[in-house]
Asks: 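Dumping the structure here so I can ask a few things about it.
We name chains A, B, ... by the order of the sequence lines, and we start the count at 1 in each one. Just so it is clear, the values below take in all heavy atoms, side chains as well, and ignore hydrogens, waters and symmetry mates. Keep in mind the model is a prediction, meaning the values are calculated, not measured.
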Amino acid sequence: VADDLASGSWLVGAEMTALQRRGLDAATRIVERLVATTDGTGDGRAGGDAAAPWPGALALPSTVEVVGLWRDLVQALPTGRGDGPAGGGDSGTGGTAGAAARLVVGSRAGAVTTRVWLHNGTVRRHVDVRLRCDELRDHAGASFPGTVRFAPDVLPELAPSASRPVDVTATVAGVRAVAGGGLFRGTIQVAGIPEAWLPIEVVVRA
Amino acid sequence: VTTTDEPGTLHVEQVLAEVGDMVRRAMLDQLPDGEPHSWLYALMREYPARPGKALRPSLCLATCRAFGGSTAAALPVAVAIELLHNAFLIHDDIVDGSATRRRGPTLPAAHGPELALNAGDALLVVGQRLLRQHTGTLSPAVAARVCDEFDTMALRTLEGQAIELGWRRDGVVDVGPDDYLDLIMHKTCWYTTIHPLRVGALLGAGTGVDLRPMVRFGFMLGAAFQIRDDVLNLVGDVDRYGKELGGDLREGKRTLMLIHLLGEVRGSDRRTLDRYLAMAPAERTPEVIAEVLALMDRYGSIDFAMEYGQGLARTAGPAFDAAFSAASSGPDMDFIRSLVPYMLGRAS
C-alpha cells in the first residue's frame, strides 16, 4: 500500500472500479452541496450544478439534491414550553439534527407545546410549506388519545437558507384518557417534500 | 499524469522552499515584540520560525499570478493565511495533547496549554490585522470578498473541528464514508486547499472569476491527500513520513479506515474495538494499537480506504484543468499542476 502511494500508481488506471466510483460520487455530492451554499447557482458555468463538473464525472442524479434537503430541512429544537395544566415539555432529546420532537404531557386533559425548526439548507425556494403528523401509537398499537397541531399550519414561503419555527402542540383529550401513562410515537412530515420528516414522541405521564 | 520520478518533483520542492522562506520572514516581521516576551511574544514566534511545507501560501501566490495578479498583491494575504494556520496548529496541539510539531516540542508541551492558547489567539489577531491592512489597499469589492472568504474559511474549519471532537466526545460510531468526506471537507480541505485557491483567484482576476471550480479541485486534491496521509499514518515509513506512526489510532481519530472497520467488525473483534474506543488516548498502549491495526488489515479497511480515495485522486487532475481553464499558462500553472502528483504520490 505504501509503495503504491509513494509511486503515484494510485493516480492512474483503466476504468474506475465500483468502489472508486462510490468514493467519487460521495465526494461529488458533498462538494456540489458546498458549492451551492457558498457560491449559489446563478453565476459562472452554464448548466447549473447538475452538469458534470469535470470530464468523466457523473452528472448528479436528482435524488442527490433531495437527500441534501432531507438533511438540512428539518431539525427538532425542543423548547419545553408547556402551556397547559398538564405539565411542561421535556428537552431531553437535546435538539440535534435528526432528533425526535419530544413532548411530555400529563394524563389529565391538557396540552404541551414544543418547537420544530425548518431550515432550508438548499438553494431551492419552497412555498406553502405545511407540516402534518401521522397517527401516534404506543408499542402495543394503541392510539394517542388526543391531537397534534401545528402553528402556523402553513408557512407561505421558506427561502434558501431561511429558518422558520413551527410550534407543535400535543393535547390530551380527556380525563383518565391514558390511565397508566404511555409513550406514543409517530412521524412529522412536510407536505410536498416527502424526504423531509422527523420522528415525534409524546410521553403521557400517569 | 506525472510520477515522482519525473523532474516536476524537484521543481515543486524548490518552489515550496522558496515560498516557505519568503513567507517565514514576512510572518516573523509581522510579529510584535516586547513584554511579556517570555510568556507571549517569544511563544508566538516558535511555530512560524520552524520550516513548514508552505503549501497554503504557495497555492495562493501561484493561483493569483496564474490569474494575472502580482506577488505583491497576494503576499500579505498568503502570510495571513499562514499566520492563521499556525494559530490553528497551536489550538490543535492543545486539543490533541500532541508532543511534537515540526521536529520540536509543541507549544503546550513546552509552555503549558494556558500560555499556548493565549499565543495562538495572538497569532490570530496578528493575521487578521495584516489582512485588514492589506485589504485596505484593494478595491472595495475585492476587499469585501477576500474578507468574506476568510470568515467562511474560519467557520468551515471550526465546524469540522467541532464535528470531529463531538464524534470523539460522544463516542459516535454510526458514521459512514460520506460522513468522513464531509468532515474533512470542513476540517481540512477548506483551509488547506480551497481557501488559498479561491483568494488567489480573487486577487488575480477580481470578483468576476468563477470560484466554484476551485472548490471542486481543492476538495478532490485535499481529500485524496488527507486519505493518503491517514493511510501513511498507519503503514508508512516513519523516516519518510516524519510523524509518529499510529498517532491517529492513539487519538481515536475517525479515519476512513476506522469508519470502515466499525461497519464491518463482528463478534469478539467488535468487543475489542469497542474497548479500544472507550479508552482514553493515554490508555491506548502500543499493543492495543497494534491489535486494532491488525483488525484493519484483516477486515480490508486499509485497502478500502485506498480504493475509495483513488476515485478522488484520479479526478484531481481533470478538476485542475477545469479550475484553471481561464488562467494563463506558465510556471505558476505548471507548479500547481505538478502539485497533484506531488501531494498524492509521495511518501512525505
Asks: Search all heavy atoms of A:L24 against all heavy atoms of B:G311 and return the closest pair with its distance.
Replies: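 Smallest heavy-atom distance, with atoms named: CD1-O, 4.0 Å.
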Asks: Rounded to the nearest 0.5 Å, how far apart are CZ of B:R212 and CD of A:E32?
Replies: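 With rounding to 0.5 Å, CZ (B:R212) is 8.5 Å from CD (A:E32).
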Asks: First locate atom CG of A:L19, then atom CE of B:M306, and finally report the distance between them rounded to the nearest 0.5 Å.
Replies: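 The CG atom of A:L19 sits 11.5 Å away from the CE atom of B:M306.
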Asks: Give, for atom CZ of B:R216 and atom OG1 of A:T28, the distance between the pair rounded to the nearest 0.5 Å.
Replies: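 If I round to the nearest 0.5 Å, the distance is 9.5 Å.
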Asks: Testing the basics here: between B:L181 and A:G23, what is the closest heavy-atom pair and its distance to 0.1 Å?
Replies: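 So the two residues come closest at CD1-O, 3.9 Å.
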Asks: Rounded at 0.5 Å granularity, tell me how far CG in B:D182 sits from CG in A:L34.
Replies: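 Going from CG on B:D182 over to CG on A:L34, the span is 7.0 Å.
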Asks: Are more than 12 heavy atoms, taken from residues, nucleotides or ligands other than A:R149, located less than 6.0 Å from that residue's CZ atom?
Replies: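 No, CZ of A:R149 has 12 or fewer neighbouring heavy atoms, counting only those of other groups under 6.0 Å.
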Asks: Going from OG1 on B:T315 to CD on A:Q20, what distance comes out if it is rounded to the nearest 0.5 angstrom?
Replies: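 One gets 9.0 Å once the value is rounded to the nearest 0.5 Å.
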